[in-house]
Amino acid sequence: MRRGDRRPTSIWGGAKLSDVLELIGIPKLTSVTEFGGRHVEFVSIDKCKEENGGPYKASIPLSQATNPEADVLLAYEMNGEPLNRDHGYPLRVVVPGVIGARSVKWLEDINIIEEECQGFFMQKDYKMFPPSVNWDNIDWSTRRPQMDFPVQCVICSLEDVSTIKPGKVKISGYAASGGGRGIERVDVSVDGGKTWMEASRIQKSGVPYISEHASSDKWAWVLFEVTADILHSTEIIAKAVDSAANVQPEKVEDIWNLRGILNTSWHRVKVQASYSNL
């Protein structure tokens, strides 16, 4: 029951959760058991103060856990070697396309439960609130726990503030989206957002990247690259669009929330053109 599940920087090995659940009598593509179970809860051996000394825990819907296409993995290997302690030895769950808080490490128990996990990190932490909510008026029960992460991209070839020689500049980085959605395009601007150009995308050397295609890895990041002539100081911006036409918001102010989570606004890099070495 070995499986390889690619995440942005790792290849995980282990057993698909859907296979394991089938072994104990829960068929694939099950959304509710005969006893009313609708969620799969993962409980860590790791204790935390937020749970008053109890274990860290989280859950996912049973329909996701029993779906082979969701690739939820009970992982005991990482990059071809046994998990080390930092990454969850001896066993952890990997829930691809979902925020990392649901991929519980140092796994001790797996429970089938009727309601979603009531742990602190499901009910009172990773939730998205509007800007009007503060610590005085927050009502945690009004928002669902955050699961899929939104579309995002990051420029990696330049620092947030960089000095460049005027001329051709390579702009590259990565893009990713949650829920198995592919990256439809990455737009790059070298004039502060006045005009845009489309970057090339790649995942595997020598294999054209096509969003949602069988040759593309739906759980791994997509690398992007474009070369532009930059002759003066400016602001470079990158924004990604996924296969569902979701696009990154322009400003963090548009998505500001109490916890400050999921800031996926346009990535901006300021460049200073220097002629001193010409």
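Counting from 1, the numbers follow the sequence of the chain as shown. For clarity, every value in this text was computed on a predicted model and none was experimentally measured.
- Using a distance-only test at 3.5 Å, with no hydrogens or angles considered, no donor-acceptor pair links the side chain of Y209 to the main chain of F224.
- L262 and I138 fall into different hydrophobic clusters, where Ile, Leu, Val, Met, Phe, Trp and Tyr are joined by side-chain heavy atoms under 4.5 Å apart, directly or via other members.
- Applying the 6.0 Å contact sphere to CD1 of I45 captures no more than 12 heavy atoms from other residues, nucleotides or ligands.
- To the nearest 0.5 Å, atom OG of residue S18 and atom CG of residue L23 are 10.0 Å apart.
- No donor-acceptor pair closer than 3.5 Å links the side chain of Q123 to the backbone N or O of Q118.
- Contact of the E51 side chain with the K57 side chain is registered, since non-hydrogen atoms from C-beta on lie closer than 4.5 Å.
- Linking Ile, Leu, Val, Met, Phe, Trp and Tyr residues whenever their side-chain heavy atoms come within less than 4.5 Å places I236 and M197 in a single cluster.
- Under the 4.5 Å side-chain criterion, counting only non-hydrogen atoms from C-beta, L107 is not in contact with V43.
- The two residues Q203 and A220 come nearest to each other via the heavy atoms NE2-O, 3.2 Å.
- Using a distance-only test at 3.5 Å, with no hydrogens or angles considered, a donor-acceptor pair links the side chain of N134 to the main chain of N137.
- F120 and M122 fall into different hydrophobic clusters, where Ile, Leu, Val, Met, Phe, Trp and Tyr residues are linked whenever their side-chain heavy atoms come under 4.5 Å apart, directly or through other members.
- Of the possible donor and acceptor atoms, one in the side chain of S157 sits under 3.5 Å from a partner among the backbone N and O of K170.
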Using the rule given for side-chain contact (heavy atoms from CB on, under 4.5 Å), can you reason through I255 versus N263, listing the C-alpha separation, both sets of side-chain angles and the distance that settles it, and then say yes or no?
CA-CA 7 Å; I255 55 170; N263 174 15; 4.2 Å; yes
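- No donor-acceptor distance shorter than 3.5 angstrom exists from the side chain of E41 to the backbone of I113, with no hydrogens or angles considered.
- Both the sub-6.0 Å distance and the 45° axial angle are not jointly satisfied by R259 relative to the ring of F129.
- Counting all heavy atoms, side chain and backbone alike, T66 lies closest to P68 at O-CD, 3.3 Å.
- No more than 12 heavy atoms of other residues, nucleotides or ligands shown are found within 6.0 angstrom of CD on E115.
- Within the 3.5 Å criterion, the main-chain N or O of D125 finds no donor-acceptor partner in the side chain of W140.
- Contact between G206 and P208 at its shortest, heavy atoms only, is O-CD, 3.9 Å.
- Within the 3.5 Å criterion, the main-chain N or O of W106 finds no donor-acceptor partner in the side chain of E108.
- For the pair L83 and K105, the minimum side-chain heavy-atom distance is 4.5 Å or more.
- Both I230 and V188 belong to a common hydrophobic cluster when Ile, Leu, Val, Met, Phe, Trp and Tyr are linked at side-chain heavy-atom distances under 4.5 angstrom.
- Between the side chain of R92 and the backbone N or O of S103 there is at least one donor-acceptor pair closer than 3.5 Å.
- Considering only heavy atoms from C-beta on, V40 comes within 4.5 Å of I110 through its side chain.
- The distance from atom OG of S265 to atom CD of Q248, rounded to the nearest 0.5 Å, is 7.5 Å.
- Within 6.0 Å of NZ on K28 lie more than 12 heavy atoms contributed by other residues, nucleotides or ligands.
- Although no hydrogens or angles enter the test, the distance criterion places a donor-acceptor pair under 3.5 Å between the side chain of T234 and the main chain of V190.
- Residues R201 and V186 share a closest heavy-atom pair of CD-N, 4.4 Å.
- Annotation: side chain of F149 is in contact with side chain of I99 (closest heavy-atom distance under 4.5 Å).
- When side chains are defined from C-beta on, K127 counts as touching P145, because their heavy atoms get closer than 4.5 Å.
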Assess the residue pair V94 and D71 against the criterion (side-chain contact (heavy atoms from CB on, under 4.5 Å)); give the C-alpha distance rounded to whole Å, side-chain angles, the decisive distance to 0.1 Å, and a yes or no. CA-CA 9 Å; V94 175; D71 291 326; over 6 Å; no
query: For I60 and V72, what are the C-alpha separation, side-chain angles and deciding distance, and is it a side-chain contact (heavy atoms from CB on, under 4.5 Å)?
result: CA-CA 10 Å; I60 62 173; V72 181; 4.0 Å; yes
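- The SG atom of C156 sits 12.5 Å away from atom CD1 of I171, with the distance rounded to the nearest 0.5 Å.
- Residues G179 and W219 share a closest heavy-atom pair of C-CZ3, 3.8 Å.
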ask   = When you look at M128 and R143, which way does the side-chain contact (heavy atoms from CB on, under 4.5 Å) test go after all the steps?
value = CA-CA 7 Å; M128 179 75 82; R143 292 294 183 271; 6.0 Å; no
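- In K47, the NZ atom is crowded: over 12 heavy atoms of neighbouring residues, nucleotides or ligands sit closer than 6.0 Å.
- At a threshold of 4.5 Å between side-chain heavy atoms, the hydrophobic network of Ile, Leu, Val, Met, Phe, Trp and Tyr places Y56 and L91 in one connected group.
- Residue A175 comes nearest to A240 through the heavy atom pair CB-CB, 4.0 Å, listed as atom of the first residue, atom of the second, then distance.
- The OG1 atom of T163 lies 10.5 Å from the CG atom of L158; values are rounded to the nearest 0.5 Å.
- Under 3.5 Å, the side chains of H267 and D160 contain a donor-acceptor pair of N or O atoms.
- For the atom pair I26 CD1 and F35 CZ, the distance stands at 10.0 Å (nearest 0.5 Å).
- Within 6.0 Å of CD on E159 lie no more than 12 heavy atoms contributed by other residues, nucleotides or ligands.
- The distance from atom OG1 of T33 to atom CG of L62, rounded to the nearest 0.5 Å, is 7.0 Å.
- By the 30° and 60° cut-offs, the orientation of the rings of W221 relative to Y174 is tilted.
- When the options R185, E184, E212 are evaluated for a side-chain hydrogen bond (donor to acceptor under 3.5 Å, both in side chains) with S243, the one that passes is E212.
- A side-chain hydrogen bond (donor to acceptor under 3.5 Å, both in side chains) with S177 holds for exactly one of T264, D148, D242; it is D242.
- For E69, the salt bridge (charged side-chain N to carboxylate O under 4.0 Å, His left out) criterion is met by K218, not counting sequence neighbours.
- Side chain of K204 to main chain of I202: no donor-acceptor pair is present (N/O by atom type, distance under 3.5 Å, no hydrogens or angles).
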